[in-house]
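Right, one structure below, let's go through it.
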Amino acid sequence: MTSVITGDIIGSRRQQSEHWVEDLKKILTPFGTTPSQWEIYRGDEFQIEVTNPEDALLTAILVKARLRAIKSDARMSIGFGDKTHHSERISQSNGSAFINSGELFETLKKQKVTLALRTGDLSFDEKLNLMIQLALTFMDSWLVQSAEFVALAIENPSLSQEELGQKLGINQAAVSRRQKRAQFDLVMHLDKYFRTQIKQLTAL
C-alpha cells in the first residue's frame, strides 16, 4: 500500500509573479527526487508519493504549513491504495492510490474543502474526513507566524520549545503562545489517531 497527494496552489493565477513555483519546489524537495517521487505539472498542480501511508496526513499538513508561511495555500487530496504501474514520472504512474487521489481531487473545489482523503473504505473515509474538516477550521486560517512554527515543529519533532525558539529567534514563552494559537497539540493528536487507524486498515 502506498499513498499519493495530489494538489494545486489556490489562487495561483491571481498571483502576480511566478516566484511561488520556486517556493513550491523548495517545499517539495525534501520529499525525494523529482519527477519520480514528486512532480509539479500544468504550472500549479503537484503530486507527491508518500510510500509509508502513515506519514501521508502529516506530510500534507507540512506542505500546507510551509505554504501558509509564505501567504499561499493549496487544495490537496490524499489517496491510498496500490501502485500497479511504475513510471519515471509520478504523474504517469498508476494504481488505486493514484485513482483515489485524482478522483477525490476533482471534487475538492465543489466541496469547498482544502484537504481530504480517500482509502475506498467508506466508514473510515467519512470519519477521518470529518475530523480533518474540523481541523481545517483553524488550519485554513493559520497566519505566517503560526504556520512557520507548525512547519518547524513537524520537521524537528525532538526539539524542545526553547530550541524551537532559538531557531525562530523568539523566547520560549512566545513559542508557547504560537503553539497554542496554531492548535498544534490538536494537530498532533489528529495525526496520532490517523496513524493508528491507517495501520489497522493496512493490516486487514
Side-chain angles (χ1 to χ4, degrees), residues 1-13 20-21 24-25 27-28 30-32 34-68 72-85 87 89-142 147 150-151 154 187 190-191 193-195 197-198 201-202:
M1 193 178 188
T2 188
S3 58
V4 176
I5 298 170
T6 304
D8 74 341
I9 301 295
I10 296 170
S12 62
R13 288 174 181 73
W20 58 265
V21 178
L24 184 59
K25 282 180 187 165
I27 290 167
L28 299 181
F31 301 122
T34 184
S36 59
Q37 285 162 296
W38 65 267
E39 187 180 358
I40 299 170
Y41 53 96
R42 284 202 289 233
D44 64 349
E45 292 188 16
F46 58 91
Q47 256 188 341
I48 312 163
E49 181 178 6
V50 184
T51 50
N52 179 2
E54 289 175 40
D55 293 333
L57 180 59
L58 202 59
T59 300
I61 292 170
L62 175 57
V63 171
K64 184 178 191 68
R66 279 274 163 235
L67 285 167
R68 298 279 321 166
S72 189
D73 207 342
R75 253 182 301 269
M76 289 175 281
S77 61
I78 314 171
F80 298 84
D82 58 11
K83 184 178 184 178
T84 51
H85 174 66
S87 170
R89 309 189 78 87
I90 182 177
S91 58
Q92 290 165 10
S93 292
N94 210 343
S96 58
F98 293 83
I99 294 164
N100 280 333
S101 185
E103 286 180 353
L104 177 60
F105 180 70
E106 295 304 322
T107 71
L108 291 184
K109 239 181 203 169
K110 204 176 280 179
Q111 289 185 61
K112 292 189 169 64
V113 171
T114 59
L115 180 61
L117 58 79
R118 180 184 287 176
T119 62
D121 181 313
L122 294 179
S123 71
F124 179 95
D125 293 353
E126 190 178 9
K127 186 168 58 178
L128 264 300
N129 280 322
L130 178 59
M131 291 179 177
I132 290 168
Q133 277 183 37
L134 288 168
L136 287 171
T137 58
F138 59 84
M139 292 199 298
D140 278 344
S141 50
W142 275 334
V150 170
I154 289 173
V187 172
L190 173 62
D191 177 58
Y193 179 75
F194 163 78
R195 284 172 188 272
Q197 296 301 301
I198 201 82
L201 197 69
T202 52

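Position 1 is the first residue of the sequence; numbering continues from there.
A salt bridge is defined here as a Lys NZ or Arg NE, NH1 or NH2 lying under 4.0 Å from an Asp or Glu carboxylate O, and Asp140 with Arg68 fails to meet this definition.
Side-chain contact check for Met139 versus Thr114: every heavy-atom pair is 4.5 Å or farther apart. Val150 is listed as a side-chain neighbour of Ile154, based on a closest heavy-atom distance under 4.5 Å. For the pair Tyr41/Gln92, no side-chain contact is recorded, criterion being any heavy-atom separation below 4.5 Å from C-beta on. Counting only heavy atoms from C-beta outward, the side chains of Val63 and Ile48 approach each other to under 4.5 Å. Residues Ser96 and Asp82 have side chains in contact (heavy-atom distance under 4.5 Å, counting atoms from C-beta outward). Proximity of Phe31 to Val50: side-chain heavy atoms (C-beta onward) are nowhere separated by under 4.5 Å. Residues Ile9 and Val21 are not in side-chain contact: their nearest non-hydrogen atoms beyond the backbone lie 4.5 Å or more apart. A 4.5 Å side-chain heavy-atom check between Lys64 and Leu136 finds at least one atom pair inside the cut-off.
At distances below 3.5 Å, at least one donor-acceptor pair connects side-chain atoms of Trp38 with backbone N or O atoms of Leu28. Put simply, the side chain of Ser77 gets close to the backbone of Ser101: a donor and an acceptor are under 3.5 Å apart.
Met131 and Tyr193 get closest at one heavy-atom pair: CE-CE2, 3.4 Å. The nearest pair of heavy atoms linking Met1 to Thr202 is SD-CG2, 2.8 Å. Of all heavy-atom pairs spanning Ser3 and Ala56, the tightest one is OG-CB, 3.4 Å. In plain terms, the two heavy atoms of Gly120 and Asp125 that are nearest each other are N-OD2, 3.1 Å. In plain terms, the two heavy atoms of Val4 and Gln47 that are nearest each other are CG1-NE2, 3.7 Å. Shown here for Thr107 and Leu104, the closest heavy-atom pair between the two residues is OG1-O, 2.7 Å.
Residues forming a side-chain contact (heavy atoms from CB on, under 4.5 Å) with Glu103 (at least two apart in sequence, or on another chain): Ile99, Arg118.
Considering CG of Leu201 and CZ of Phe194, their distance stands at 9.5 Å, rounded to 0.5 Å. Within the model, atoms OG of Ser72 and CD1 of Ile27 stand 7.5 Å from one another, a figure rounded to the nearest 0.5 Å. One distance of note links CD of Glu126 with CG of Asp121; it measures 10.5 Å at 0.5 Å rounding. Atoms CG and CG, on Leu128 and Leu57 in that order, are 7.5 Å from each other to the nearest 0.5 Å. The distance from atom CG of Asn100 to atom CG of Leu117, rounded to the nearest 0.5 Å, is 10.0 Å. Ile61 contributes atom CD1, which lies 6.5 Å from atom CG of Leu115 (distance to the nearest 0.5 angstrom).
In Leu130, the CG atom is crowded: over 12 heavy atoms of neighbouring residues, nucleotides or ligands sit closer than 6.0 Å.
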Test side chain to side chain contact (heavy atoms under 4.5 Å, CB included) on Asp55 and Arg195; report intermediate values, then the result. CA-CA 8 Å; Asp55 293 333; Arg195 284 172 188 272; 2.9 Å; yes

As a quick check of understanding, evaluate side chain to side chain contact (heavy atoms under 4.5 Å, CB included) for Phe98 and Lys83, giving each step before the final call. CA-CA 7 Å; Phe98 293 83; Lys83 184 178 184 178; 3.6 Å; yes

Using the side chain to side chain contact (heavy atoms under 4.5 Å, CB included) rule, take Val113 and Ile132 through it: C-alpha gap first, then chi angles, then the decisive distance, then the call. CA-CA 10 Å; Val113 171; Ile132 290 168; 6.0 Å; no

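Pairs engaging residues 128-138 under the side-chain hydrogen bond (donor to acceptor under 3.5 Å, both in side chains) rule: none recorded [sequence neighbours left out].
No donor-acceptor contact under 3.5 angstrom links the side chains of Thr34 and Glu39, judged on distance only. Between the side chains of Asn94 and Thr84, no donor-acceptor pair of N or O atoms lies under 3.5 Å.
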